[in-house]
Amino acid sequence: MSCVNLSSWGQTCSMLNRSRSPSLHLLHSLRARPVSFASPKGRRPSSVTAILTKQETVKEQKEESGKPSFNFKTYMVEKAESVNRALDAAVSLKDPITIHEAMRYSLLAGGKRVRPVLCVAACELVGGSESLAMPAACAVEMIHTMSLIHDDLPCMDNDDLRRGKPTNHKVFGEDVAVLAGDALLSFAFEHLAVSTVGVEPSRIVRAVEELARSIGSEGLVAGQVVDIHSEGLSDVGLEHLEYIHLHKTAALLECAVVLGSILGGGSDSEIEKLRTFARYIGLLFQVVDDILDVTKSSQELGKTAGKDLVADKVTYPKLMGIEKSKEFAEKLNRDAQEQLVGFDQEKAAPLIALANYIAYRQN
């Protein structure tokens, strides 16, 4: 398996087994040990914007063979609309009205739906269908929305804007916002377990375990905690930063892809290749996010720009500079797409296009 080469930034390449998953290897430069740090102080329209820049590098993926090109924009819009319909149906407006309003406010506020679309695309790649993956895709989006609601709270990142709208706690209050996130978290597991049909029970159980592990104390929560306690530190290096983002950002992207491949009937080898693909694009997502935070406006991003700088957070541009960060993003994209070699390339087209989208997105 290839690994990210950070030698030009003084890093070495190594492998790590993820706990309770001995066949899984992390990308590079992280070791299986805790990171030490010092403690310092109705339906909404889809907002999919398939911005594929860099001189239209991904120009709908025209094939040299002359076959019709894959239309990524159409694919994203159609899949996002399917996800939005499923989310709208899954979380209906019922008593108690306030909590369900708060859940739906953030869940149906738009967004590019990258994670659920990744779930569906991975399922289809290994021979499954959209219907098999949709409950898992919705579960991942529910948990992603929970993480955004909680991340925006005053005790966390204290943000007022999300997806171009006031954050949940600004509309419903901090108490209801916390509970809305909690409700989305618990319902995600119920929805995955109860609404997935046509899949053997052992695979559903495996998917539930995967989802739980990805967001727990060794997954998303671990990344969030280390991120919070890293603010203001002066000695944070690339290894430390990568630990944060492989857990805080990449874990849920990885989970989306792995859930799709599990529920779609993928073999163990296919699932692990797609897991590695997802880790590359998960880290890529964060590198690009860091770049956009310092190069775009709040209006362009739909969220508060420059907040990492204000919070004195360690980011890739801060450690590596903008140009080196862009080079790193390019390499992550190439390495991710190498994992798709050997799959049916027509079926892999959505994942290839999604990797390019993540690399070249503008918000």
Side-chain angles (χ1 to χ4, degrees), residues 18 21 23-24 48 70 72 75-76 78-87 90 111-145 188-189 191-215 219-220 249-282 284-285 336-337 339-340 342-355 357-358:
R18 184 173 178 176
S21 185
S23 63
L24 173 61
V48 174
F70 171 71
F72 176 56
Y75 179 88
M76 283 296 291
E78 289 177 351
K79 293 300 186 186
E81 288 178 349
S82 293
V83 170
N84 287 337
R85 288 193 296 270
L87 289 170
K112 296 173 279 291
R113 307 305 191 197
V114 170
R115 290 159 188 81
V117 174
L118 279 168
C119 184
V120 172
C123 182
E124 293 176 334
L125 175 59
V126 298
S129 64
E130 179 183 295
S131 62
L132 295 180
M134 190 55 74
C138 288
V140 169
E141 190 67 5
M142 290 173 195
I143 289 175
H144 174 56
T145 301
F189 287 94
H191 190 63
L192 171 59
V194 173
S195 299
T196 303
V197 295
V199 178
E200 59 188 69
S202 62
R203 284 187 177 265
I204 297 176
V205 171
R206 184 177 176 183
V208 169
E209 179 193 15
E210 184 75 35
L211 182 59
R213 188 171 58 239
S214 73
I215 64 174
L220 186 152
T249 303
L252 200 52
L253 282 161
E254 174 189 327
C255 181
V257 171
V258 172
L259 291 188
S261 58
I262 290 172
L263 298 172
S267 67
D268 287 345
S269 62
E270 288 175 329
I271 291 169
E272 292 312 310
K273 285 187 72 174
L274 289 171
R275 185 190 296 279
T276 304
F277 162 82
R279 288 199 175 183
Y280 278 120
I281 65 168
L284 171 64
F285 192 97
Q337 295 191 36
Q339 301 302 314
L340 300 178
F343 287 100
D344 182 307
Q345 289 303 288
E346 187 174 344
K347 289 184 178 181
L351 290 179
I352 294 170
L354 276 161
Y357 169 72
I358 290 170

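The first residue in the sequence is number 1, and the count goes up from there.
A salt bridge is defined here as a Lys NZ or Arg NE, NH1 or NH2 lying under 4.0 Å from an Asp or Glu carboxylate O, and E254 with R213 fails to meet this definition.
Here the CG-CD1 distance, from L125 to I352, works out to 9.0 Å after rounding to the nearest 0.5 Å. One distance of note links CD1 of I215 with SG of C255; it measures 8.0 Å at 0.5 Å rounding.
Nearest heavy atoms, I271 versus G266: CD1-O, 3.6 Å. Closest approach of Y357 and V114 over heavy atoms only: CE2-CG2, 3.9 Å. The minimum heavy-atom distance between P350 and K347, with the atom names listed, is CD-O, 3.2 Å. Closest approach of V199 and R203 over heavy atoms only: CG1-CB, 3.7 Å. Closest approach of P135 and T196 over heavy atoms only: CB-OG1, 3.5 Å. Taking both residues in full, the closest heavy atoms of L351 and A121 are given as CD2-CB, 3.7 Å, listed atom of the first, atom of the second, then distance.
Taking the salt bridge (charged side-chain N to carboxylate O under 4.0 Å, His left out) definition, one finds that E270 meets it with nothing, sequence neighbours left out. Remark: Y75 engages F70 in a ring-ring contact (aromatic ring centres under 6.0 Å, His included) (not counting sequence neighbours). S129 meets the side-chain contact (heavy atoms from CB on, under 4.5 Å) test with S131, L132; sequence neighbours excluded. Applying the salt bridge (charged side-chain N to carboxylate O under 4.0 Å, His left out) test to R206 and every residue at least two apart in sequence or in another chain returns D268.
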Table please: side-chain donor-acceptor pairs of residues 136-143 below 3.5 Å, with sequence neighbours left out.
{"unit_1": "E141", "atom_1": "OE2", "unit_2": "R113", "atom_2": "NH1", "d": "2.7"}
{"unit_1": "E141", "atom_1": "OE2", "unit_2": "R163", "atom_2": "NH2", "d": "3.4"}

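Applying the salt bridge (charged side-chain N to carboxylate O under 4.0 Å, His left out) definition to pairs two or more places apart or across chains, those involving residues 118-135 are K79-E124, K79-E130.
For the residue pair R279/T276, the side-chain donor-acceptor check at 3.5 Å is not satisfied.
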L253 and R115: CA distance, side-chain angles, deciding distance, side-chain contact (heavy atoms from CB on, under 4.5 Å) verdict: CA-CA 6 Å; L253 282 161; R115 290 159 188 81; 3.6 Å; yes
side-chain contact (heavy atoms from CB on, under 4.5 Å) evaluation trace for E210 with L259: CA-CA 7 Å; E210 184 75 35; L259 291 188; 4.0 Å; yes
side-chain contact (heavy atoms from CB on, under 4.5 Å) between M76 and L354, intermediate numbers included: CA-CA 9 Å; M76 283 296 291; L354 276 161; 3.6 Å; yes
Derivation of the side-chain contact (heavy atoms from CB on, under 4.5 Å) call for V126 and I262: CA-CA 9 Å; V126 298; I262 290 172; over 6 Å; no
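A heavy-atom distance below 4.5 Å is found between the side chains of I281 and L118. The closest side-chain heavy-atom distance from K273 to F343 is below 4.5 Å.
Counting only distance, with no hydrogens or angles, the side chain of S195 and the backbone of L192 share no donor-acceptor pair below 3.5 Å.
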